[in-house]
Protein chains: 2
Amino acid sequence: MSGDGEQENSRFEVGGSLSHRVPDLGALELLLAVARLGSLGGAARELGITQPAASSRVRSMERQLGVALVDRSPRGSRLTDAGALVTDWARRIVEAAAAFDAGAQALRDRRDSRLRVAASMTIAEYLLPGWLLALRAGRPDTAVSLLAGNSAAVAERLLADEADLGFVEGLNVPTGLDSVVIAHDHLIVVTAPGHPWARRRRALEASELATTPLILREEGSGTRQVLDAALGGLARPLIELSSTTAVKAAAVSGAGPAVLSELAVGEELAMRRLVSVPVEGISLARDLRAVWPTGHRPVGPARDLLSLTRG
Amino acid sequence: MSGDGEQENSRFEVGGSLSHRVPDLGALELLLAVARLGSLGGAARELGITQPAASSRVRSMERQLGVALVDRSPRGSRLTDAGALVTDWARRIVEAAAAFDAGAQALRDRRDSRLRVAASMTIAEYLLPGWLLALRAGRPDTAVSLLAGNSAAVAERLLADEADLGFVEGLNVPTGLDSVVIAHDHLIVVTAPGHPWARRRRALEASELATTPLILREEGSGTRQVLDAALGGLARPLIELSSTTAVKAAAVSGAGPAVLSELAVGEELAMRRLVSVPVEGISLARDLRAVWPTGHRPVGPARDLLSLTRG
DNA sequence: GCCGCTCATAAAGGCAGCTTATGCCCTCAT
DNA sequence: ATGAGGGCATAAGCTGCCTTTATGAGCGGC
């Protein structure tokens with residue numbers, strides 16, 4: 001109030017947590033409903049709140065964003081141009097939240113679910129939530145439980161009949177399991193945009209990759225296995241980190257070149273926080289596979305999920 | 001508690017809005033901070049709240065999700081396995097929120113910004129927020145304003161010196177503007193997974209595409225222009241809709257085949273709500289271009305943004 | 001053995017959002 | 001024309017959640 005404090009607050013608020021500048025999920029859902037139904041009251045009914053609540057919520061969203069989002073008229077509400085744009089951006093958040101929800105629900109129902117899935121970390125992180133959403137769309141009443149771990153853990157669960165379907169990303173299929181390839185993944189070399197390799201014209205050669213210290217996942221991880229095999233076990237770690245996220249963060253901060261699944265860095269490449277460096281002479285491809293105990297072909301919900309994942 | 005009412009609520013809550021089952025953005029940001037810093041109190045300090053608030057918030061998040069997220073110890077907190085997974089999913093939401101924020105901020109500061117951008121709808125929807133985030137990372141103090149419209153509107157703004165840099169996606173560059181290609185986009189034919197075309201083995205031929213009624217954007221849109229040109233003006237509309245989102249929704253619901261930018265359907269293809277149908281014999285490629293008034297090469301912030309967008 | 005760090009718990013306050021209760025405006029049909 | 005219905009805005013009161021302040025307890029390093 002006394003002048004200085006307030007001013008500083010608003011001038012430097014640029015970095016101040018997103019949650020104060022982005023409407024909450026409920027408001028975004030409401031906006032999507034208004035866009036779809038063309039009416040504040042209709043949207044309110046759909047969400048189980050009253051019309052004044054919806055009206056007030058949209059209004060406070062407009063105040064927060066400083067932009068008019070809907071044109072109100074006595075015969076309904078339509079989005080403004082800016083509102084249409086905002087709604088599209090909001091849809092991305094809500095979709096990410098839906099994926100989060102699908103994953104979290106699977107994580108919660110540890111036992112006695114109709115479909116028990118065991119998956120490697122990369123698949124659980126980047127692909128499974130989408131599959132679960134698709135599965136829920138087709139079979140809304142299927143309760144799914146998820147367990148994430150490395151290939152060995154996935155195999156163990158399947159063989160102990162504690163999981164109905166597994167997903168692995170290693171080079172070889174654990175013994176005792178049948179499998180089918182559901183997708184292909186490539187490891188790629190990435191650096192921060194400022195790194196010398198980001199400006200190379202020629203592709204990297206395997207020998208360069210083998211002699212340069214790299215940011216890597218720890219030994220034993222699926223990602224590391226593939227790289228070591230491609231280089232003949234010669235990868236030289238600059239740092240070894242135990243999660244894909246940590247490797248990404250280190251690469252973005254410019255610590256050095258990293259080797260990662262292309263699944264993990266799509267976003268970063270798109271917004272140029274990372275740059276992909278082409279490599280020649282070695283194959284960094286790996287198969288993503290669905291697995292199950294030999295002879296026990298997936299049936300029921302497991303079969304449904306499997307059919308969703310095959311391109 | 002009294003049995004029936006409560007039970008029904010929890011059993012049928014499956015469709016009940018996301019916002020009740022997904023933690024709010026503040027909580028997700030807190031979780032990311034805890035993951036990064038390894039301490040509840042540290043995360044609290046970073047977000048400008050007190051340690052008990054952070055503790056309580058994480059705890060209520062765990063209650064909401066039904067999963068333990070962090071292992072507390074007298075010398076710090078580490079994520080559990082499930083917590084690591086949840087944190088990765090949460091990161092997607094937060095990133096989408098950051099993109100939303102970047103876009104919303106540009107939309108708000110209509111005038112007197114240091115960088116005024118005019119962009120076509122598709123680019124504004126799918127690409128610009130990412131670019132703005134990247135720009136903010138490199139030049140945190142650049143205020144950006146955004147105006148979205150069709151190619152003609154973009155040209156008009158640029159020529160009236162009401163915008164510093166434009167982005168268009170049509171076939172031809174508006175007169176009076178210089179341009180550079182910043183990316184390539186392809187239109188693709190998509191259908192719901194249940195549609196006969198989704199199970200075709202052979203690619204579609206242009207003649208089939210021309211004789212089949214399609215879900216299309218309205219005439220005059222950049223997307224429609226490209227399709228009409230490729231087919232020689234012969235596209236037969238099943239329905240004409242005025243937004244990409246509406247076209248997607250119609251296609252997902254099985255109304256028929258649609259033609260859309262691949263930018264717009266990445267998510268839907270990944271989770272198999274839509275299936276891409278290959279086409280042969282015609283080119284549905286189009287260039288995405290940055291444009292500016294002839295002779296006035298972008299300088300300053302506009303040049304920074306331009307350099308971000310070039311692959 | 002004390003000090004530093006960590007986290008947990010309890011009590012009290014504030015703010016945001018919801019609901020109920022109205023009123024106004026417009027359109028359409030009688 | 002006139003009344004019915006749908007749509008939105010405003011006001012007032014309440015509830016609930018999240019926050020802060022204040023404190024306690026466990027573990028480790030010096």
Side-chain angles (χ1 to χ4, degrees), chain A residues 1 5-6 9-10 13 16-65 68-80 83 90, chain B residues 1 6 9 13 16-65 68-80 83 90:
Chain A
M1 316 283 190
E6 272 282 314
N9 241 347
S10 62
E13 191 94 75
S17 67
L18 284 179
S19 52
H20 296 135
R21 287 175 303 167
V22 177
D24 61 70
L25 281 172
L28 298 179
E29 280 190 284
L30 174 62
L31 182 62
L32 296 187
V34 171
R36 184 156 34 83
L37 301 174
S39 145
L40 288 181
R45 277 191 297 279
E46 180 172 278
L47 299 188
I49 61 177
T50 60
Q51 173 267 319
S55 176
S56 138
R57 208 155 179 185
V58 170
R59 187 167 296 284
S60 73
M61 195 167 14
E62 289 177 314
R63 218 170 344 105
Q64 183 178 22
L65 299 178
L69 298 175
V70 303
D71 265 337
R72 291 122 170 116
S73 90
R75 64 181 175 291
S77 297
R78 289 198 52 72
L79 293 177
T80 62
Chain B
M1 317 290 183
E6 272 282 315
N9 241 347
E13 191 94 74
S17 66
L18 283 179
S19 53
H20 295 136
R21 286 175 304 166
V22 177
D24 61 71
L25 281 173
L28 298 179
E29 281 189 284
L30 174 61
L31 182 61
L32 296 187
V34 171
R36 185 156 35 81
L37 300 174
S39 144
L40 288 181
R45 277 192 297 280
E46 180 171 279
L47 298 186
I49 61 177
T50 59
Q51 173 266 320
S55 176
S56 136
R57 214 159 174 181
V58 170
R59 187 167 296 284
S60 73
M61 194 165 18
E62 290 177 315
R63 222 174 336 111
Q64 185 178 21
L65 299 178
L69 298 175
V70 303
D71 265 338
R72 292 125 170 113
S73 89
R75 64 182 174 289
S77 296
R78 289 196 53 72
L79 293 177
T80 62

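The chains referred to below are lettered A, B, ... by the order of the sequence lines, with proteins before strands, and numbering in each begins at 1. Nothing here was measured: the structure is a model prediction, and the numbers come from that model.
Using a 4.5 Å heavy-atom threshold, the side chains of L30(A) and L40(A) count as separate. Looking at P23(B) and L65(B), their side chains come closer than 4.5 Å, going by heavy atoms from C-beta outward. For the pair R72(B)/V58(B), a side-chain contact is recorded, criterion being any heavy-atom separation below 4.5 Å from C-beta on. Counting heavy atoms from C-beta outward, D24(A) and R57(A) have side chains that approach closer than 4.5 Å. At least one side-chain heavy atom of E62(B) sits under 4.5 Å from a side-chain heavy atom of V70(B).
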Its contact letters, B for base, S for sugar-phosphate only and - for none at protein heavy atoms under 4.0 Å, make nucleotides 24-30 of chain D read --BSS--

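In this structure a side-chain-to-backbone donor-acceptor pair under 3.5 Å is missing from R75(B) to S73(B). Judged by distance alone, the side chain of S77(B) and the main-chain N or O of S39(B) form no donor-acceptor pair under 3.5 Å. In this structure a side-chain-to-backbone donor-acceptor pair under 3.5 Å is missing from E46(B) to A33(B). Side chain of Q51(A) to backbone of R45(A): no donor-acceptor contact under 3.5 angstrom is found.
Scanning DNA chain C 5' to 3' for nucleotides with an atom closer than 4.0 angstrom to a non-hydrogen atom of chain A gives a first and last hit of dC18(C) to dT27(C).
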Name the pairs: protein N/O against N/O of nucleotides 13-20 of chain D, kept only if under 3.5 Å.
from	atom 1	to	atom 2	distance (Å)
dT19(D)	OP1	R57(B)	NH1	2.7
dT20(D)	OP2	T50(B)	N	2.9
dT20(D)	OP2	T50(B)	OG1	2.8

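Contact between A90(A) and L28(A) at its shortest, heavy atoms only, is CB-CD2, 3.8 Å.
The phosphate of dC8(D) (OP1 or OP2) has a side-chain N or O of S39(A) nearer than 4.0 angstrom.
Atom CZ of R78(A) is separated from atom P of dC8(D) by 13 Å (rounded to the nearest Å).
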